[in-house]
Enquirer: 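What follows is a single structure, and I will ask about it in a moment.
All values below were derived from every heavy atom in this structure, side-chain atoms included, with hydrogens, water molecules and symmetry-related copies excluded. In this text, all values refer to a predicted model and were calculated from it rather than measured experimentally. Residue numbers begin at 1 in each chain, while the letters A, B, ... track the order of the sequences.
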Amino acid sequence: MSIEYKLIEEKWRQKWDEAKVYEVEPNEKPAMLVTAAIPYLDMPLHIGHLRTYSTADALARYKRMRGFNVLFPMGFHATGTPVLAIAKRIKNNDVQLINILRNIHHIPDDDIKKMADPYYEVDYFIKVIRQGFIDTLYSIDWRREFVSIEPIFSKMIEWQFGLLKEKGYLVTGRHPVGWCTNENNPVGQHDTKGDTHVKIDELIGIKFKDTSSDAYFVCVTYRPETIYGVTNIFINKDVKYVLAKLNDNSNISNIYLTKEAFENLKYQLNIELIKEIDASELLSKEAINPITNETVPVIPGFFVKADTGSGIVMSVPSHAPFDYVALKRLENEGYKLPSFKYIKILEIEKSEEGKGIGRSIQDQKNVATNEDIPALTYLEIMGIDEKSSEDALELATKAVYSEEAHYGIIIIGEYKGKREPEVRELLKKDLLMSNKAISIYSIMNDGPVYCRCGTKVIIKVVDDQWFINYGDKKWKSKTKEVFNNTVKLYPEKYRHTYNSLLDWIDLRAAERSQGLGTKFPLNPNHVIESLSDSTIYPMLYTFIHILRAENVAPESLKPEFFNYVVYEKGDIEEVAKTSSMNLSTIKKCRESFDYWYKNTSRHSGSDLLANHLLMYLYNHVAIFPEAYMPKQIVANGLVYLEGVKMSKSLGNVDPVSDGIKKYHADPLRMVETTIADIDSNLEVKLDEVISGIYLRNEFLYNLINDLYKFNGKELTHIDYWLYSRLNSKIKAATEYMEKMNFKNAYSEIYFNSFNELNIYLERNGRNSIVIRDYIEAITLMIAPVMPSFAEELWQMLGHSSFVVKEKWPSFDESMINEKIDEAENIIIHTIDDINSIITLTSKIDANKNKKPSSIKIIIADDWKLKAYNKLIEVKNINEVVKELGLEGEKAKFLAQFMPKIKSLIKMHEIESAYMQSAFISAQDYLKSKFNVDIIIEMESTSKSARAQRALPNKPSIEVIWQ
RNA sequence: GCAGGGAUGGCGGAGCUUGGUCAAACGCGCUAGGUUCAGGGCCUAGUGUCUUAGGACUUCGAGAGUUCGAAUCUCUCUCCCUGCACCA
């Protein structure tokens, strides 16, 4: 009979709704607040997203069964730019986007059109996503729903930022951002064409003084340490240069750079154009190396790009392949060069095999002729010369750069003897401190990045930007302390990562010029950045439904109100007056917050580890009193389908609505929460796994229907075995659940159970009471993951209560019988052994065309196991012989274990009589399995020649052929 | 570059926290046999190498070490993945 999931889901969802099972208020039970990162409203969710929510829901349901009063609420996130970006793309008739919405998410064209209005978009997606959560049977208390752009939410954020300011955590500063000069806005990843991430790197521009004027050549480089090897300066002879006035921290100087560079850098430097200059004019000049004070000429370089850095580079032919080749080419063209001295600035540390330069280069083409010029050495061994392409040179440059950074030891100058990366930093600092260089930011992407409007993105340094200063020392150490002392982290193995992230996080933008959200109090033209405004909102769940029920106007929610709710600060009557609210409302809010917020579990995908979860923790430490610190954080891995990551942009998604139709809520929940470890990416062939779950569910369902066919006679060996398995299963599963290890928990609870039930039935287990006890416990334990199916089974088992409100089963330690389990293991091993013996002996000529007629299983005498264990203990045959009073033959038996005695371990003590009864109970089963007579004998009474071969816990087997 | 993580049989992926019962769960694939089985169904056995009785040998990225004993602990090396900020 196949199961009508859709009907079952619908039926129980309605019954739960009617009984308001998930609408909870403070009571005498211990509280637990389970929250998951609220979904972002720029797209409907796909089934991959459900993993986080399903895990949170399963925990919520489990904890309810463990006696907690659990609140699982949900809200929606709309602040920031993505919602706007979608609206804008729809407005611009973005075909790609519209196709996704239409074809994948089945949104009617009419609605798509209306989504050009971001608020329509928000409402629409809330509707879709909420329905998805309902269909997935989450135990959400919907009375507490909110969206992050509604006024009540904003009031909370304003209060939060007031506190952050008060505590001095808000600071202004300089910061480089990707910038669109057309729209005059910062560009984030989804503002760029192809959602390119703008990679920004800090470079250094070293100032070489022009000998013939007071101006400087600004040479931009990654490797200031190569300054010792500079032979000349390269410029591009085909582009326009300018002279500009630079005001660098009121240190005024004139600099040369390309016109294009000027246009870019005016957004990050304080510079003014003085005049344009021809490249040819610069080519007649010389400049002074600020470190070595040597005078070097200005020379044309073919590779110098006008729009990169300043359009001027310093030439280090000894270590830079491009520089070396440029000089070589000039020479070949007949350009008259001075005789440069190529100075080697570092030595490559030798590898164990004694290899120096080129040690990390895999397939070396040639042998180097000259190791005094490293750039040349690399070119030679890589088979590259001045005629090679720029790509080849780029490759060589990378090879040099990485090897020298890895193994380079500086052999010149002030920092002689130190490693290259260290010297780079030291020199950078020196040069900047002494005004011999300026810092310049550059886009590190391969090729230019474009804004969606088509303009090339440049770097702007904003200097009135507000940041949240997560670098604050006290705040940082307090946060780490809370994290390490009070927060349970799942998976625990992220703790190390997390600690280093807590250290790493520093300034973080608090506001931005665009996007939906709460106005930034310190600059009302800006809104609060949307990661910063989603850190403490779980508090809102605890009382927002009270505010709504009492029709409290958002304007009433003054800081005094929040201060009272969170700190119980101030006089409640005063607070009621200032916020024009009922005293009782405020009191209720306070009580509710205090009740729920002491025990929280926070859930999100592991991709939010480095941002949301960090800020969640920091902000909790900043805002809340000790008692309300986070207690638990759960980060789950992502979902892959058929080996491909589910991603909105890839379009390989099943929207939630489709997924539920196709797979049904309960089986899908089962897969998402229990197939993979919580920390690993879930990588499944959904159809395959789901059909496995269908089969198992049907097995359970049918077994309950067939319960009447069984009887309730006296308990036999196999009944005790099933009870033993059940109780140890409950014990193990409960331990796993407590550790948030759903995977292992459910392979015990669910997947292993079918094997056990099958063994039980095959072994002629027929006790309806035993089966019922077993299935009831399974039903209870699958309820957190497959709630409606469990509910259906629970009803079939004759209960009238909701299974989701039942207690998690407890186990009876006395029913766990290791001996019986061990005996079963021995039987299973014996079956394996019989199989391999039959396989092997069937090849014997004498057995050709024959079949086994019977199999003898001969159980070892008790003394063998005793002696064996004793031998392991004392490791001395004589002692065992003496102590147990064994004769010659028996001592000989023990001798076989001596060669490996040190590596053998003790065995479980099972008496031969017990073993015999176990085998007798399995006799029919073995008989039908091998389709032959099974004879069970004891070693002492057996006449078989193989009898004495019986080993402790390993019966001797004799296969008798016809 | 900085930080974090990883490397296991044809594949995916357990086990490694607490070293032994690990030739290594589970699933997929593959092979053989069965099934009144018509087309990705079910059952049984096999699937590192060798083996005429349940055994032996070699394996868990490479190398070295600790130990009676290592996939599991230590060290070195190689390779791979992820994140790096104003962006949800």
Side-chain angles (χ1 to χ4, degrees), chain A residues 37 39-42 77 79-83 85 175-178 186-191 195 197-201 222 351-352 360 401-402 405-406 421 424-425 462 465-468 470 492-494 496-501 503-512 515 529-532 534 606-612 614 640 642-643 675-677 679-680 683-685 688-689 692 743-744 747 751-752 755 822 825 829-830 832-847 875 900-908 929-930 946 949 951 953-959:
Chain A
Y40 200 81
L41 295 167
D42 60 340
H77 200 24
T79 64
T81 48
V83 166
H175 189 68
V177 292
V187 269
Q189 186 161 341
H190 42 243
D191 302 319
D195 276 353
H197 175 69
V198 184
K199 284 191 268 185
I200 302 175
D201 214 357
Y222 286 105
S351 70
E352 273 175 41
S360 52
Y401 191 88
S402 108
H406 233 89
R424 189 187 308 162
E425 288 309 310
V462 292
Q465 168 79 39
W466 281 93
F467 296 93
I468 301 181
Y470 293 113
E492 174 63 31
K493 74 174 196 185
Y494 283 150
H496 196 58
T497 307
Y498 213 102
N499 267 312
S500 55
L501 286 170
D503 273 332
W504 157 82
I505 192 171
D506 193 20
L507 292 180
R508 189 87 199 198
E511 40 114 8
R512 56 174 295 155
E529 190 273 322
S530 60
L531 280 173
S532 309
S534 55
S606 55
D607 51 334
L608 299 187
L609 215 62
N611 48 48
H612 166 71
L614 274 186
Y640 287 66
E642 328 285 339
I675 294 294
D677 272 325
D679 57 303
S680 57
E683 193 158 341
V684 288
K685 300 183 175 172
E688 225 164 65
V689 187
K743 184 192 171 207
N744 285 358
S747 55
F751 295 96
N752 288 350
N755 296 337
E822 187 58 30
N825 279 339
H829 282 302
T830 305
D832 285 346
D833 286 344
I834 294 172
N835 268 322
S836 47
I837 290 169
I838 292 176
T839 309
L840 275 172
T841 52
S842 63
K843 293 179 193 158
I844 304 174
D845 286 344
N847 294 333
K875 301 191 176 21
K900 292 175 95 185
I901 185 71
K902 283 180 172 172
S903 57
L904 294 175
I905 50 173
K906 278 198 174 187
M907 284 182 184
H908 205 96
K929 186 161 186 84
F930 293 105
R946 302 188 62 81
R949 289 184 55 118
L951 296 175
N953 285 356
K954 194 171 169 67
S956 175
I957 297 159
E958 183 176 5
V959 178

Enquirer: Describe the nucleic acid contact of A:Leu608 in one word from base, sugar-phosphate, nothing, applying a heavy-atom distance below 4.0 Å.
Expert: nothing

Enquirer: For A:Leu614, give me all partners under side chain to side chain contact (heavy atoms under 4.5 Å, CB included), at least two apart in sequence or on another chain.
Expert: A:Tyr498, A:Leu501, A:Leu502, A:Trp504, A:Ile505

Enquirer: Rounded to the nearest 0.5 Å, what's the gap from OG on A:Ser836 to CD1 on A:Ile957? Could you check?
Expert: 7.5 Å

Enquirer: Distance check, C1' atoms only: B:C60 and B:A70, in whole angstrom units.
Expert: 11 Å

Enquirer: Under 4.0 Å, heavy atoms only, any strand: does A:Gln465 hit a base, just the sugar-phosphate, or nothing?
Expert: nothing

Enquirer: Given B:A85, B:A88, B:A53, identify the nucleotide with an atom nearest to the side chain of A:Glu958.
Expert: B:A53

Enquirer: Could you measure between the two C1' atoms, the one in B:U18 and the one in B:C75, and give it in whole Å?
Expert: 23 Å

Enquirer: Restricting to side chain to side chain donor-acceptor pair (under 3.5 Å), what partner residues turn up for A:Asn752, sequence neighbours left out?
Expert: none

Enquirer: Run the side chain to side chain donor-acceptor pair (under 3.5 Å) test against A:Asn953 and tell me which residues pass, sequence neighbours left out.
Expert: none

Enquirer: Suppose you measure atom P in B:G40 against the same atom in B:C28; what distance do you get, rounded to whole Å?
Expert: 16 Å

Enquirer: Between B:A53 atom C1' and A:Leu951 atom CG, what is the distance in whole Å?
Expert: 13 Å

Enquirer: For nucleotides B:C43 and B:U66, find the distance between their P atoms and express it as a whole number of Å.
Expert: 50 Å

Enquirer: Which whole-number value in Å describes the distance from A:Leu609 CG to B:A88 P?
Expert: 19 Å

Enquirer: Which residues pass the side chain to side chain contact (heavy atoms under 4.5 Å, CB included) test with A:Leu507, not counting sequence neighbours?
Expert: A:Val171, A:Phe467, A:Asn469

Enquirer: Which residues pass the salt bridge (Lys or Arg N to Asp or Glu O under 4.0 Å) test with A:Lys929, sequence neighbours left out?
Expert: none

Enquirer: Does B:A45 have OP1 or OP2 under 4.0 Å away from a side-chain N or O of A:Lys929?
Expert: yes

Enquirer: Starting at atom CG of A:Asn755, determine the distance to atom C1' of B:C43, rounded to an integer number of angstrom.
Expert: 15 Å

Enquirer: Working to the nearest 0.5 angstrom, can you tell me the gap between A:Asn825 CG and A:Thr830 OG1?
Expert: 10.0 Å

Enquirer: Can you see if the side chain of A:Thr841 gets near the phosphate of B:U52 - specifically, an N or O under 4.0 Å from OP1 or OP2?
Expert: no

Enquirer: Find the distance A:Leu614:CG to B:C84:P and express it as a whole number of Å.
Expert: 12 Å

Enquirer: Roughly how many Å apart are B:G63 and B:A7, using the C1' atom of each and rounding to a whole number?
Expert: 15 Å

Enquirer: How long is the span from the OH atom in A:Tyr40 to the OG atom in A:Ser530, to the nearest 0.5 Å?
Expert: 5.5 Å

Enquirer: Could you give the distance separating B:C30 and B:G15 at their C1' atoms, to the nearest angstrom?
Expert: 25 Å

Enquirer: With rounding to whole Å, what would you report as the distance between B:G54 and B:U72 at their P atoms?
Expert: 30 Å

Enquirer: Hey, what are the protein-to-nucleotides 54-58 of chain B N/O distances that come in under 3.5 Å?
Expert:
{"from": "B:G54", "atom 1": "O2'", "to": "A:Asp833", "atom 2": "OD1", "distance (Å)": "2.8"}
{"from": "B:G54", "atom 1": "N1", "to": "A:Pro955", "atom 2": "O", "distance (Å)": "3.2"}
{"from": "B:G54", "atom 1": "N2", "to": "A:Asp833", "atom 2": "OD2", "distance (Å)": "3.2"}
{"from": "B:G54", "atom 1": "N2", "to": "A:Pro955", "atom 2": "O", "distance (Å)": "2.7"}

Enquirer: Can you tell me, in whole Å, how much space there is between the P of B:C77 and that of B:C26?
Expert: 38 Å

Enquirer: Mind checking salt bridge (Lys or Arg N to Asp or Glu O under 4.0 Å) for A:Asp503 and listing every partner two or more places apart, or none if nothing turns up?
Expert: A:Lys480

Enquirer: Please enumerate all residues that pass side chain to side chain donor-acceptor pair (under 3.5 Å) together with A:Ser956, with sequence neighbours excluded.
Expert: none

Enquirer: Could I get the full list of side chain to side chain donor-acceptor pair (under 3.5 Å) partners for A:Glu958, not counting sequence neighbours?
Expert: A:Ser944

Enquirer: Under 4.0 angstrom, heavy atoms only, what part of the nucleic acid is A:His77 near: base, sugar-phosphate, or nothing?
Expert: sugar-phosphate

Enquirer: For B:G61, does the O4'-C1'-N9-C4 or O4'-C1'-N1-C2 angle fall within 90° of 0, making it syn, or is it anti?
Expert: anti

Enquirer: Shorter than 3.5 Å, N or O on both sides, protein versus nucleotides 4-10 of chain B: list them out with atom names.
Expert:
{"from": "B:G4", "atom 1": "O2'", "to": "A:Thr497", "atom 2": "OG1", "distance (Å)": "2.7"}

Enquirer: Both atom distances under 3.5 Å, Watson-Crick or G-U wobble: I'd like the secondary structure of RNA chain B as a dot-bracket string, with | for pairs made across strands.
Expert: ((((((((.[[[..)....(.....]]](((((((.....)))))))(((....)))...[[[[[..)....]]]]])))))))....

Enquirer: Which residues pass the side chain to side chain contact (heavy atoms under 4.5 Å, CB included) test with A:Glu511, not counting sequence neighbours?
Expert: A:Gln465, A:Trp466, A:Phe520, A:Asn523, A:His526

